[in-house]
Engineer: 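Just passing along the structure, written as structure tokens.
Within every chain, numbering begins at 1; the chains are lettered A, B, ... in the order of the sequence lines, protein sequences first and strands thereafter.
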Amino acid sequence: MDYRPGEIEPKWQGRWEADGLYRSRVDWDKPKHYAVTMLPYPSGDLHIGHWFAMTPSDARARYMRMKGFNVLFPMGFDAFGLPAENAAVQRNIPPAKWTFDNIATMKKQMLTMGMMFDWEREAISCTPAYYRWTEWFFKRFYEAGLAYRREAVVNWSPSLQTVLANEQVIDGKDERTGQPVVQKMMEQWFFAMTKYADEYLDFSRVDWPDPIRIMQTNWIGRSEGANVVFTTDGGDELEVFTTRPDTLWGATFMVLAPEHPAVEALMTEDQRDEVEAYRRQTAGRTEVQRMEAEREKTGVFTGGYAINPVNRERIPVWIADYVLLTYGSGAIMAVPAHDQRDFEFARQFGLSIVPVIHPEGETLLIEPDMEESFVGPGKMVNSGPIDGVPANLEKGRKNPSVAAAIDWLESEGVGSEAINYRLRDWLISRQRFWGAPIPAIYVGSNGIEMVSDDDLPVLLPEDVEFTSGGGNALTRHEAFLNTTDSAGEPARRETDTMDTFMCSSWYQYRYLSPRYDQAPFDPEEAAYWLPVDTYTGGSEHAVLHLLYTRFFTKAMRDLGMFDDTAEVMRAHGRDPSGLFDEPLSLLRSQGQILGEEQEGDRIVADGQLDGAFLIASRVLVDSDAVAGDGSVVGEIMRRTENVLQVRTGDGMVTVEVPEGCPVEIPTIAGDNDVNQLRAHLEVQRMSKSRGNVVEPGALVAQYGADTVRTYLMFAYEWQKGGPWDSRGILGAQRFLEDVWKLATNDYTPGTAIDEADSLRAVHQTIEKVGRDFEVFKWNTAVAALMKLKNTLADTMAAGTVSAETWDASMETLLLLLAPIAPHITEELWHERGHSESIHLQSWPEADPEMAREDSVTMVVQVNGKVRDRIEVDAEIDETDAIELALASQRVQVYLDGGEPKKVIARPPNLVNVVV
RNA sequence: GCCGGGAUGGCGGAACGGUAGACGCGACGGACUCAAAAUCCGUUGUCCGAAAGGGCGUGUGGGUUCGAAUCCCACUCCCGGUACCA
């Protein structure tokens, strides 16, 4: 009988579903394990990256189940977001239809993976049953003062009259049309994320990877210092935050963010043109571009002055784009003598530099001899009341000079100790249609009301027209816009929708009871399953998503949303204390599968060329095309939906391929379309818009899901990922074929029975695979199983074990492989006469006695270089090991009759002789 | 720029500070076959050598150590994030 995955996989998937093998039910008599893998965005098709993320998570969930846990492993879709809206604009498909079609496709594809998802718990964030509660959370947060409105910067396209996502902006221009984009202030909704800033820094209740904890810690960016108030000539107060208030006496100028509201009053008439030109220039830059310190310092003098409150010095006020409005107060005091960035700025513009820290035991350099700012320890000078106080490198009050400065500022009433965070409040407003509506209405000229709970959810209208460049379609939908307030007066609905990160911040709670309509989740379920025990997902979510969901849980806790759950826990004798502080107890993240490198198609495009923009009337792929063959000739460097970036002989041209435009690809027969055009790819992230997606459907058809699963778990270091390689999968296929043959061929014991080696391999493998599953090292677990397979193949050929031992060994291999390749192991398990599912069996136990090695190869080094290898007893002691090593012929040669200088022994593995 | 991660044979990757290259892919040689595929057996870091054996080798340059892919310092390049992609 041959191994036919195409037959056995659908068969078992059907049986498991019919038997409800993966339904998870609350059972207080069993220990629980709640495993979650990050839910996908329904982009269209499942790609290999989804398999890479989900398969090991599934294998781990299955392993935990075999270890005796009652496991919940649900799945859902994070279904609101920009791509659905792009599809609506570009192809005139309603976002809901596009999204639900994609979900149907992807779910069908997921069913072929052999996952133990409990589909009864499926949650889809764009369904009213789900976003009703997303809106409900918004209301609760608003009522608790955690949601508020204020102005913030957006990417505004003046030509399209719409807000663009950062991703849609390339080099300060709209990526589709090449139209300029400016930074503009707009009223927006925020969540008070920063309220919990200090709590996010505490990771004592979670087991998360160090890099993620470090990234979050740096993102939060807590710094200790002081707020100091400067006063402008006009009498306005300008507050700055500084971590070095001790250097205030060396502040020789101030720098404001160009958008700072005080600039208007500060600038003098003769500086107006220059200031306004600089502000316009800044408006065209993103934050990332602004912070690139490599750039030459730029800035403009406002013409205005402010008084330094510590010494009454009148100092000039500048604007520069390296100061960001979103950090601190958007204004800094500049101390060029002791801050390198300020130093460079002062040098660039000829501003004065006054040192206030005298370096320990060195001469105080003053202008013009300073070559760089001085950031070391020393003694305060030129600093009035704090002269002579030592300054060290400690932060905050631990630094005596900082402490002295803060005390002085507070006693004089010109400043106060302060803690500043880099972390900003969470901007949740999106000026888009396809998101959960914000359940607010505007009453009269500036009143705000929340929609009553009984009227939730505020539903997204279905009869919506999408036009390119029309902004948020909700703003044009009269029936949606017009409503009445609680008093029955006409009112206008909020048209902003919520950031999709809102939806994904609480889905682990919705999974527990996706149809529950009394609350976001059923306390009876939550009391048993919470918190999430294992969370896996991409490392790209290390900061944003993972901080947002922590904020959500902490806010929910403080608003009493877990109170009912805690009560049920107590009724069952479970102590709820501390269980709602963090949503995700253990986190592990995988890397990404990147695309295989490929050249972009070289195309000839005809049409009306307008500058660097072309609306194509015909596109032809022709690798030999030369300039002059058409309007645009070159390699496709990037493709986003139907917009191509083409590199021609003299630059980049944007080519839009409209619906109905003929596309000819000679190597692909039949009618071609824009989606078949290949963009140039170096090894990089796979995504639909880049066109380098590996479709697992074809792999499943060719090799079977078990092979794809095994290969993905074997071929990469999971935490790292790597470029896709389509050849290696044959190794996984051969491995499963071999297992199939070993399990189905008849075993005949030989005459010479010697079981020790074979049993040792079995028990060492049990140890190794279990250890690797605990630490998420799938590739070495599969390697160990391959090795065991090889050993058992030798055993079968030699017939060195009894029939009983053979059967037990074979079944152990199947059990260890079951979480990785669930179908083939289930088939073989039943083939061997079992009637119960292999997935309900217990994980095998290793016998340390059988796993132990009797002898090992001891390495003998001379000066750290391997010179000999000696087979020794595993229990050898140090004296015997050294004696054996020194007796070695090879070592004798190096000793040359003399005595060794030193001998290091690490029995039984190594002896190093130093001569 | 800033934060985090990474770099090991032709490729993916193994390796408590202690035998570098487990396990695979690929390649090469052989068996089977009319032939090919599949399968099976063998070889495979590199250089010198008939062999025994030896030299060199974990991105680059230094350092610590009896001993460094692993720890430290300085760099280069690549990947992820950088707050409206999800």
Engineer: Just checking A/Leu730: base, sugar-phosphate only, or nothing, at a heavy-atom cut-off of under 4.0 Å?
Structural biologist: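 It contacts sugar-phosphate atoms only.
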Engineer: Can you measure A/Trp219 atom CH2 to B/G80 atom P for me and round it to whole angstrom units?
Structural biologist: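 Rounding to the nearest Å, CH2 of A/Trp219 and P of B/G80 are 16 Å apart.
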Engineer: For a quick check of understanding: with a heavy-atom distance under 4.0 Å over all strands, which category does A/Asn912 fall into, base, sugar-phosphate or nothing?
Structural biologist: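 Result for A/Asn912 = base.
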Engineer: In whole Å, what separates the C1' atom of B/A14 from that of B/U65?
Structural biologist: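 The answer is 25 Å between these two C1' atoms.
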Engineer: Between A/Gly731 and A/Arg890, who's closer to the 5' end of RNA chain B by nearest nucleotide?
Structural biologist: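 Checking each residue's closest nucleotide, the 5'-ward one belongs to A/Gly731.
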Engineer: When rounded to the nearest Å, what value does the distance between P atoms of B/U43 and B/C25 take?
Structural biologist: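 After rounding to an integer number of Å, I get 15 Å for this pair.
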Engineer: Using OP1 and OP2 only, check whether a side-chain N or O of A/Asn166 sits under 4.0 Å from B/U82.
Structural biologist: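 A/Asn166 to B/U82 OP1/OP2: no side-chain N or O under 4.0 Å.
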Engineer: Mind checking if A/Phe501 touches a base, just sugar-phosphate, or nothing, with heavy atoms under 4.0 Å?
Structural biologist: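 Touches a base.
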Engineer: Please classify the nucleic acid contact of A/Met786 as base, sugar-phosphate, or nothing, using heavy-atom distances under 4.0 Å.
Structural biologist: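 The answer is sugar-phosphate, as A/Met786 gets under 4.0 Å only of primed atoms, P, OP1 or OP2.
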Engineer: Please report the distance separating the P of B/G10 from the corresponding atom of B/G62, rounded so that it comes out in whole Å.
Structural biologist: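 My reading of the P atoms in B/G10 and B/G62 gives 23 Å.
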Engineer: Need the glycosidic conformation of B/G54: syn if within 90° of 0, anti if not. Which one?
Structural biologist: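 For B/G54, whose glycosidic angle is more than 90° from 0, the conformation is anti.
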Engineer: In whole Å, measure the gap between the P atoms of B/U76 and B/G21 for me.
Structural biologist: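 Between the two P atoms, the distance is 33 Å.
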Engineer: Counting just side-chain N and O atoms, does A/Thr780 come under 4.0 Å of either OP1 or OP2 of B/A14?
Structural biologist: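 No, no such contact exists.
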Engineer: Within the structure provided, determine whether A/Lys787 and A/Thr765 are in side-chain contact (heavy-atom separation under 4.5 Å).
Structural biologist: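 When only atoms from C-beta onward are counted, A/Thr765 and A/Lys787 do not touch, as no gap falls below 4.5 Å.
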Engineer: Out of A/Trp51, A/Trp778, A/Phe52, which residue meets the ring pair (Phe, Tyr, Trp, His ring centres under 6.0 Å) rule with A/Tyr716?
Structural biologist: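 For A/Tyr716, the ring pair (Phe, Tyr, Trp, His ring centres under 6.0 Å) test succeeds with only one of A/Trp51, A/Trp778, A/Phe52, which is A/Phe52.
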Engineer: Measure from the side-chain heavy atoms of A/Ala783 and tell me the nearest of B/C84, B/C3, B/C23.
Structural biologist: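 Taking heavy atoms from C-beta onward, the closest nucleotide is B/C23.
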Engineer: May I ask you to say what A/Leu82 touches in the nucleic acid, namely base, sugar-phosphate or nothing, with a heavy-atom cut-off under 4.0 Å?
Structural biologist: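 Sugar-phosphate, no base atom in range.
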Engineer: Atom CG of A/Leu544 and atom P of B/C85: how far apart are they, to the nearest Å?
Structural biologist: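 About 9 Å, once rounded to whole Å.
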Engineer: Determine the contact category for A/Gln168: base if any of its heavy atoms lies under 4.0 Å from a base atom, sugar-phosphate if only primed atoms, P, OP1 or OP2 are that close, otherwise nothing.
Structural biologist: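 Answer is nothing: A/Gln168 stays at 4.0 Å or more from every strand.
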Engineer: Touch check for A/Leu910, heavy atoms < 4.0 angstrom, all strands: base, sugar-phosphate only, or nothing?
Structural biologist: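 Touches a base.
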Engineer: Once you apply a heavy-atom cut-off of 4.0 Å, does A/Val913 come out as touching a base, just sugar-phosphate, or nothing?
Structural biologist: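 Nothing, no nucleic acid heavy atom in range.
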Engineer: When we call it a touch if two heavy atoms are under 4.0 Å apart, what does A/Lys768 touch: a base, just sugar-phosphate, or nothing?
Structural biologist: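 It contacts nothing in the nucleic acid.
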Engineer: How would you label the contact of A/Val154 with the nucleic acid (heavy atoms, under 4.0 Å): base, sugar-phosphate, or nothing?
Structural biologist: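 Result for A/Val154 = base.
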Engineer: Would you call A/Met38 and A/His541 a side-chain contact if the rule is heavy atoms closer than 4.5 Å?
Structural biologist: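 Side chain of A/Met38 against side chain of A/His541, heavy atoms only: contact under 4.5 Å found.
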Engineer: Using a strict cut-off of less than 4.0 Å between a Lys/Arg side-chain nitrogen and an Asp/Glu carboxylate oxygen, indicate whether A/Glu737 and A/Lys789 qualify as a salt bridge.
Structural biologist: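 So A/Glu737 does not pair with A/Lys789 through a salt bridge.
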Engineer: Once you apply a heavy-atom cut-off of 4.0 Å, does A/Leu423 come out as touching a base, just sugar-phosphate, or nothing?
Structural biologist: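 Here A/Leu423 touches the bases of the nucleic acid.
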Engineer: For the residue pair A/Met186 and A/Val163, establish whether any side-chain heavy-atom pair is separated by less than 4.5 Å.
Structural biologist: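 Of all side-chain heavy-atom pairs linking A/Val163 with A/Met186, at least one is under 4.5 Å.
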Engineer: Does a side-chain heavy-atom distance below 4.5 Å link A/Arg906 with A/Val911?
Structural biologist: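 Result no, sub-4.5 Å side-chain heavy-atom pair not found.
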Engineer: Look at all strands and tell whether A/Glu717 reaches a base, only sugar-phosphate, or nothing, counting heavy atoms closer than 4.0 Å.
Structural biologist: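 Result for A/Glu717 = sugar-phosphate.
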Engineer: Quick one: is A/Arg734 getting a side-chain N or O under 4.0 Å of the B/C25 phosphate, OP1 or OP2?
Structural biologist: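 Yes, because at least one side-chain N or O of A/Arg734 sits under 4.0 Å from OP1 or OP2 of B/C25.
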Engineer: I want to check one thing: is the phosphate of B/A14, taken as OP1 and OP2, less than 4.0 Å away from some side-chain N or O of A/Lys720?
Structural biologist: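 No, because none of the side-chain N or O atoms of A/Lys720 sits under 4.0 Å from OP1 or OP2 of B/A14.
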Engineer: Between B/U8 and B/G13, how far apart are the two P atoms, rounded to whole Å?
Structural biologist: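 Looking at atom P only, B/U8 and B/G13 are 8 Å apart.
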Engineer: For B/A7 versus B/G17, give the span between their P atoms, rounded off to a whole number of Å.
Structural biologist: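 It works out to 15 Å between them.
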Engineer: Using the benzene-type ring in the case of Trp, are the ring centres of A/Tyr507 and A/Tyr130 under 6.0 Å apart?
Structural biologist: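 Distance test on ring centres: not under 6.0 Å, no.
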Engineer: Give a yes/no on whether any side-chain N or O of A/Asn779 is located under 4.0 angstrom from OP1 or OP2 of B/G12.
Structural biologist: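 Indeed not, no polar side-chain atom of A/Asn779 lies that close.
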Engineer: Just the rounded figure in Å: distance from C1' of B/G13 to NZ of A/Lys787.
Structural biologist: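 After rounding, the gap between these two atoms is 14 Å.
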Engineer: Taking atom P in both B/G30 and B/C48, compute the distance separating them and give it to the nearest angstrom.
Structural biologist: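 Rounded to whole Å, the distance is 24 Å.
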Engineer: Base, sugar-phosphate, or nothing for A/Ser429, non-hydrogen atoms under 4.0 angstrom?
Structural biologist: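 Base contact.
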Engineer: In whole angstroms, how far is the P atom of B/A38 from the NZ atom of A/Lys741?
Structural biologist: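 After rounding, the reported distance stands at 13 Å.
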Engineer: Pick the P atom in B/G59 and in B/A68, then give their distance to the nearest Å.
Structural biologist: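 To the nearest whole Å, 15 Å.
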Engineer: Using a cut-off of 4.0 Å on non-hydrogen atoms, how would the nucleic acid contact of A/Phe714 be classed: base, sugar-phosphate, or nothing?
Structural biologist: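 A/Phe714: base contact, heavy atoms under 4.0 Å.
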Engineer: Would you mind telling me which residue lines up with the more 5' stretch of RNA chain B, A/Pro211 or A/Val866, judged by nearest nucleotide?
Structural biologist: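 Nearer the 5' end of the strand: A/Pro211.
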Engineer: Between B/C84 and A/Arg430, is there an OP1 or OP2 to side-chain N/O distance shorter than 4.0 Å?
Structural biologist: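 Answer is yes, contact under 4.0 Å.
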Engineer: May I ask you to verify if any side-chain N or O of A/Lys777 is less than 4.0 angstrom from the OP1 or OP2 atom of B/A15?
Structural biologist: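 Yes, because at least one side-chain N or O of A/Lys777 sits under 4.0 Å from OP1 or OP2 of B/A15.
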Engineer: Answer whether the closest heavy-atom distance between the side chains of A/Phe138 and A/Ile438 falls below 4.5 Å.
Structural biologist: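 The answer is yes; the side chains approach within 4.5 Å.
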Engineer: Using a cut-off of strictly less than 4.0 Å, decide whether A/Arg422 has a side-chain nitrogen or oxygen near OP1 or OP2 of B/C3.
Structural biologist: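 So the side chain of A/Arg422 is outside the cut-off, no N or O lying under 4.0 Å from OP1 or OP2 of B/C3.
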